[in-house]
Amino acid sequence: MKIGKMNLMSTQQERIDAAEEQMAEAQAVALEQLPVDERLYRIRHSAAHVMAEAVLRIFPDAKVAIGPPIENGFYYDFDLPRHLTPEDLEQIEEHMREIVSGDHRFTRTVLSREAASEMFCGQPYKLELIRELPDGQEISIYTQNSFTDLCRGPHVDSTRRIHPKAFKLLSVAGAYWRGDEKRPMLQRIYGTAWETPKELRAHLEHLKEVEKRDHRRVGRELDLFSTHEEAGPGLIYWHPKGSRIRIAIEDYWRAAHREGGYEMLFTPHVGKAWLWQTSGHLDFYKENMYAPMELDNADYYAKPMNCPFHIMIYKTRMRSYRDLPLRWGELGTVYRYERSGVLHGLLRVRGFTQDDAHIFCTPAQIEDEIKEVLRFSLKIWDDFGFSNTKAYLATRPPKSVGDEDRWYQAQRSLQAAIEDQGLDYELDEGGGAFYGPKIDLKIRDALGREWQMTTIQFDFNLPDRFDMSFTDSDGREKRPYMVHRALLGSLERFFGVLIEHYGGAFPLWLAPVQAVVIPVASAFDGYAAEVADLLFRAGFRAEADLSDDRMNAKIRNAQNTKTPCMVIVGEQEQQARTVSLRTRTGERTSNIALEDFMRRMHDKVVTRAEI
RNA sequence: GCCAGGAUAGCUCAGUGGUAGAGCAGCUCACUCGUAAUGAGCAGGUCGAGAGUUCGAAUCUCUCUUCUGGCUCCA
């Protein structure tokens, strides 16, 4: 089955193949004639080789593994006699600068398997790679200066193409040989490389901006959430200000789902072993589940997913085709054991609330349902300020349950929905779960980073395991289709992405403090408190800053916490019962009548616009 | 889980074997001020936990906890 444009998934391979053809024609393709992606690819790949040469100068006995170009840079894995320090990185960088300023040519040589094995006899990782190369594949090596690497290329023609001030080594990290935790742990050096020093500087600036927006940092600065090692890692505590945002998100979410034809469910947090045995989780998902607690001689497990509970509700009565589709949503809090090393702020946690939904429908309804759920998802992403969305369609893997026809229909409905929305998408052939195909949506944030959030997933497994059925118009019992859907994914993770997307400067409708009322002097505290109270009673998240600080300090605090509206009141405002507005963008408007200000706030909130 | 690097006041960090420090935040007092930090004073820490070495440990060693960066991007 052929679906869609196969973009990024195979770009790298295609790029390499295409480049290899070119290489066969002429070894020295003028770098300038290549597209920028290709130029950077070669520069980065070549920089990795140069780094390996530099490392070998310092550690002549080093075993080298692999060193590919990656997004924004490159890495190389080494097996070294000791651990690298930051000083080592500087030294390696110095050697690299020396090498690249030397106009050493990258020369390609094709050789036989035997000759290659001979050449890399002291390099066990290279030998393993050579052994695994399929018969008939050309084996090539690249040499620059004193270093030769097993490599398919392509590279730049000379080391002087790598600007000595346009690359930088960034970090060293452990990495298993071939990503396999049973294999040796190697030391991976990450670097970034660009065509010009200016681009490098821009990239380093970008990294700084990423750090500044880090949700853990912003979360602390704006008093949004915390975690507590004493109380358990990977478990999130939502502070009052964070909770205000969550409530704003949930209120919007519930209203949207009501409009979208969803019913809401509430289900328990724990379930007996029977439930998880029936669902198959105890067979296939147990290592991700919290250990059971024993009550009355029965094991209860904290739920890692909501689906079995929704199925229990489905099965409480006979379902007719007339009842379908059922769209059932739940903000369901689940617990999953994540390995300690992978926990990360709000983005990877052990307890989280999914904005889950399950759709049960007839085969005839499936295509429309999928179209609708995708349309619905995109609308919600748009409302949250994310309009750059990309879809990933994952199809049937070799090992899977469910018959061919259903997989085919499901995949076709997913594809039709994507095309219906005119979405850019990639195909992940065989990348679906064993129980069904899926669409994942990745959204792009303000810094251009992609986050996988939404998943729309068919399930051919659970309906069988729980023996679900509906009575069709012909009076026969049939199996319903079941679709899992998590839109924002988890509220914790979504919150983390939202924080970084806006850098803490949340749009008015989400801001934890929409307006802070600042008296110019404490003589006007009374009026400030009154204004804040009126705003609060009108439903806005507003407060007065009646602290001892001077007005300038209060404004500074409000700016630093990215409060959208600073409402300044003094003698004039008190007399006229008006306010003066300073927005966080620095715009100032004097003497707005209170009612006008509240109307303006209200308009901006409901339209999710900036003030 | 594994590798490396961290953990010192609420926060950011200094302190490398000899009496625990700074800035910000907090508290108190004074100042009453019109759009990004008023000033002075006070208080605040079993130096992540436990064990060890030492006359003496924030500092050296070991164990544990936890955080950070990685562990897919296949020569």
Side-chain angles (χ1 to χ4, degrees), chain A residues 8-9 11-13 16 45 48-49 52 64-71 74-77 80 82-86 116 120 123 125-133 137-142 148-153 170-190 211 214 216-217 220-221 223 226-234 287 337-345 518-525 547-561 566-573 580-584 586-590:
Chain A
L8 273 167
M9 235 59 191
T11 345
Q12 192 161 304
Q13 185 61 49
I16 293 165
H45 196 177
H49 281 218
V64 297
I66 57 170
I70 52 174
E71 191 179 8
F74 59 91
Y75 70 78
Y76 212 116
D77 288 346
L80 300 172
R82 66 169 173 84
H83 297 299
L84 292 168
T85 64
F120 293 101
Q123 293 288 349
Y125 301 105
K126 294 294 179 193
L127 288 176
E128 181 176 330
L129 294 168
I130 293 168
R131 270 202 305 279
E132 290 178 14
L133 285 172
Q137 184 169 334
E138 193 173 72
I139 298 178
S140 58
I141 56 172
Y142 275 81
T148 297
D149 201 0
L150 176 71
C151 181
R152 71 168 21 137
L170 296 176
S171 63
V172 53
Y176 296 104
W177 170 234
R178 315 208 108 177
D180 181 347
E181 55 190 84
K182 295 185 189 68
R183 315 285 304 263
M185 174 73 72
L186 307 172
Q187 295 188 70
R188 173 171 298 178
I189 303 175
Y190 282 96
E211 200 183 323
D214 189 305
R216 294 163 298 185
R217 173 177 172 160
R220 194 171 45 240
E221 286 168 357
D223 195 15
S226 58
T227 57
H228 302 271
E229 58 173 278
E230 318 88 297
E287 68 277 15
Y337 175 75
E338 295 282 359
R339 298 201 290 180
S340 60
V342 304
L343 298 176
H344 180 88
I518 298 174
V520 302
S522 58
F524 311 103
D525 279 5
S547 67
D548 251 5
D549 287 328
R550 291 175 62 200
M551 179 192 65
N552 280 317
K554 292 179 183 184
I555 288 172
R556 185 166 190 274
N557 287 339
Q559 284 288 155
N560 286 340
T561 51
M566 282 155 267
V567 177
I568 315 290
V569 295
E571 179 71 36
Q572 299 166 27
E573 289 82 2
S580 289
L581 172 67
R582 177 199 162 106
T583 67
R584 64 185 162 197
E587 280 170 60
R588 288 160 59 170
T589 318
S590 296

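Quick note: numbers below take in every heavy atom, side chains included, and nothing from hydrogens, waters or symmetry partners.
- Between B:C64 and B:A22, the two C1' atoms lie 32 Å apart (nearest whole Å).
- Note on A:Arg216: only backbone sugar-phosphate atoms sit closer than 4.0 angstrom, heavy atoms only; bases stay farther off.
- Remark: the separation of the P atoms in B:G69 and B:U53 is 37 Å, to the nearest Å.
- A 3.5 Å limit on both hydrogen-bonding distances identifies B:C67 as the Watson-Crick or G-U partner of B:G5.
- Looking at heavy-atom distances under 4.0 Å, A:Gln123 makes no contact with the nucleic acid at all.
- Counting non-hydrogen atoms under 4.0 angstrom, A:Gly179 reaches the backbone sugars and phosphates but no base.
- Across all strands shown, B:U35 forms no Watson-Crick or G-U wobble pair with both key distances under 3.5 Å.
- Contact of the A:Arg152 side chain with the A:Glu138 side chain is not registered, since no non-hydrogen atoms from C-beta on lie closer than 4.5 Å.
- Around CD of A:Glu287, the count of heavy atoms belonging to other residues, nucleotides or ligands within 6.0 Å exceeds 12.
- A:Gly345 comes within 4.0 angstrom of sugar-phosphate atoms only, judged by non-hydrogen atoms across all strands, and of no base.
- Contact check, A:Arg188 against B:A4: no side-chain N or O comes under 4.0 Å of OP1 or OP2.
- Spacing between B:G52 and B:U59 at atom C1', rounded to whole Å, works out to 15 Å.
- Of the two residues contacting RNA chain B, namely A:Gly232 and A:Leu186, the nearest-nucleotide position lying further toward the 5' end is that of A:Leu186.
- Using a 4.5 Å cut-off on side-chain heavy atoms (C-beta onward), A:Asp149 and A:Lys126 make contact.
- Inter-residue side-chain proximity for A:Phe120 and A:Ile141 is flagged as met; some heavy-atom pair is nearer than 4.5 Å.
- Across the C1' atoms, B:U12 and B:A40 are found 24 Å apart, a figure rounded to whole Å.
- Figure legend. B:A58 is base-paired to no nucleotide; pairs are counted as Watson-Crick or G-U wobble with both atom distances under 3.5 Å.
- Residues forming a side-chain hydrogen bond (donor to acceptor under 3.5 Å, both in side chains) with A:Thr561 (at least two apart in sequence, or on another chain): A:Thr563.
- Rounded to whole angstrom, the span from the CG atom of A:Leu343 across to the C1' atom of B:U65 amounts to 13 Å.
- With a cut-off of 3.5 Å on both Watson-Crick or G-U wobble distances, the partner of B:A22 is given as B:U12.
- Proximity of A:His228 to the phosphate of B:U66: no side-chain N or O atom is located under 4.0 Å from OP1 or OP2.
- Toward the 5′ end of RNA chain B lies the nearest nucleotide of A:Val172, the other residue of the pair A:Arg178 and A:Val172 mapping further downstream.
- Between A:Ser580 and A:Gln572 the shortest side-chain heavy-atom distance does not fall below 4.5 Å.
- Taking atom CH2 of residue A:Trp177 and atom C1' of nucleotide B:U72, one finds them 15 Å apart after rounding to whole Å.
- What separates CZ of A:Arg220 from P of B:G10 is a distance of 13 Å, to the nearest Å.
- As rounded to the nearest Å, B:U72 and B:C11 have C1' atoms that lie 36 Å from one another.
- Residue A:Lys554 is classed as having no contact, given no heavy-atom separation below 4.0 Å to the nucleic acid.
- At least one side-chain nitrogen or oxygen of A:Tyr190 sits closer than 4.0 Å to the OP1 or OP2 atom of B:C71.
- In A:Glu211, the CD atom is not crowded: 12 or fewer heavy atoms of neighbouring residues, nucleotides or ligands sit closer than 6.0 Å.
- Rounding to whole angstrom units, CE of residue A:Met185 and C1' of B:C3 are separated by 4 Å.
- Distance noted for atom C1' between B:A43 and B:G26: 9 Å (whole Å).
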Contact letters for nucleotides 31-43 of chain B, in which S counts primed atoms plus P, OP1 and OP2 and B counts the base, heavy atoms under 4.0 Å: -BBBBBBB-----
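- Nucleotides B:C13 and B:G48 place their P atoms 15 Å apart, quoted to the nearest Å.
- Atom OH in A:Tyr176 sits about 18 Å away from atom C1' in B:C73, given to the nearest Å.
- Counting heavy atoms from C-beta on, the side chains of A:Leu129 and A:Ile66 come closer than 4.5 Å.
- For B:G50 and B:U8, the P atoms lie 16 Å apart once the distance is rounded to whole Å.
- We find that CG of A:Asp214 is positioned 12 Å from P of B:U12, with the value rounded to whole Å.
- Regarding A:Ile66, its CD1 atom lies at a distance of 12 Å from the C1' atom of B:C71, rounded to whole Å.
- B:U53: no Watson-Crick or G-U partner with both key distances under 3.5 Å is found in any strand.
- For the pair A:Arg216 and A:Asp214, the salt-bridge criterion is met [side-chain N within less than 4.0 Å of a carboxylate O].
- Put simply, CD on A:Glu211 is 13 Å from C1' on B:U12, counting in whole angstrom units.
- With a 4.5 Å cut-off on side-chain heavy atoms, A:Asn557 and A:Met566 do not count as touching.
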